[in-house]
Amino acid sequence: YVRAEDEIRNALWVSAVSGGPPVRLTNAENAQETGGAWSPDGKHFVFLDIKTSGRSLVVVRTTGEAKPVELRQKVSGVLPDWSPDGKWINFLDRK
């Protein structure tokens, strides 16, 4: 889920259904992270990061406090989704 931490930062967090404290999904500073989709195996999460230069498609491991990896810059605001087999990611490219 996305938690608005202040006026300039939205961060992705996860909570275990078995209980325990919430954990920040990424370790990115000054992030504007949006919702996205879990990979079919649950090991990755793909989402949009909003920057002054535009939206970027980003993936991160779901271990918590992980380093996000930017896959593509300048994508549309349509939320990405994984293919059922997890081999590709569906998103709308603005190029």
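Count residues from 1 along the sequence.
A donor-acceptor pair shorter than 3.5 Å cannot be found between the side chains of Gln73 and Ser56.
From Thr63, atom OG1 reaches atom CG of Leu25 across 8.0 Å, with rounding to the nearest 0.5 Å. Distance check: Thr34 OG1 to Leu79 CG gives 5.5 Å after rounding to the nearest 0.5 Å. We find the OG-CG distance between Ser39 and Asp85 to be 11.5 Å, quoted to the nearest 0.5 Å. Note that the CZ atom of Phe47 and the CG atom of Asn10 stand 11.5 Å from one another [nearest 0.5 Å]. Separation of atoms CH2 (Trp82) and CZ (Phe45) is listed at 10.5 Å; rounding is to 0.5 Å. One finds the NZ atom of Lys51 at 11.5 Å from the CD atom of Gln32 (value rounded to the nearest 0.5 Å).
In this structure, Arg24 contributes its side chain and Ala28 its backbone to a donor-acceptor pair below 3.5 Å. Formation of a donor-acceptor pair under 3.5 Å by the Thr62 side chain with backbone atoms of Gly42 is found in this model. Glu33 contributes a side-chain N or O that, together with a main-chain N or O of Leu12, makes up a donor-acceptor pair within less than 3.5 Å. Without hydrogens or angle criteria, Thr26 side chain to Lys67 main chain gives no donor-acceptor distance under 3.5 Å.
Salt-bridge check for Arg55 with Asp49: failed, with every basic side-chain N at 4.0 Å or more from each acidic carboxylate O.
When ring centroids are compared, Trp13 and Tyr1 stay outside the 6.0 Å threshold.
Pairing each heavy atom of Leu48 with each of Pro80, the nearest pair is CG-CD, 3.9 Å. When every heavy atom of Pro68 is checked against every heavy atom of Val58, the shortest pair comes out as CB-CG1, 3.4 Å. Heavy atoms only, all atoms of each residue included: Pro22 and Ser15 are closest at CB-OG, 3.6 Å.
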For Trp38 and Val14: C-alpha separation, side-chain torsions, deciding distance, then whether side chain to side chain contact (heavy atoms under 4.5 Å, CB included) applies. CA-CA 11 Å; Trp38 292 89; Val14 292; 3.7 Å; yes

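One hydrophobic cluster, built from ILVMFWY side chains closer than 4.5 Å, holds both Val69 and Leu57. No continuous path of hydrophobic side-chain contacts links Val46 to Val60 [ILVMFWY only; heavy atoms under 4.5 Å]. Hydrophobic clustering (ILVMFWY, side-chain heavy atoms < 4.5 Å, transitive): Val75 and Leu92 are in distinct clusters.
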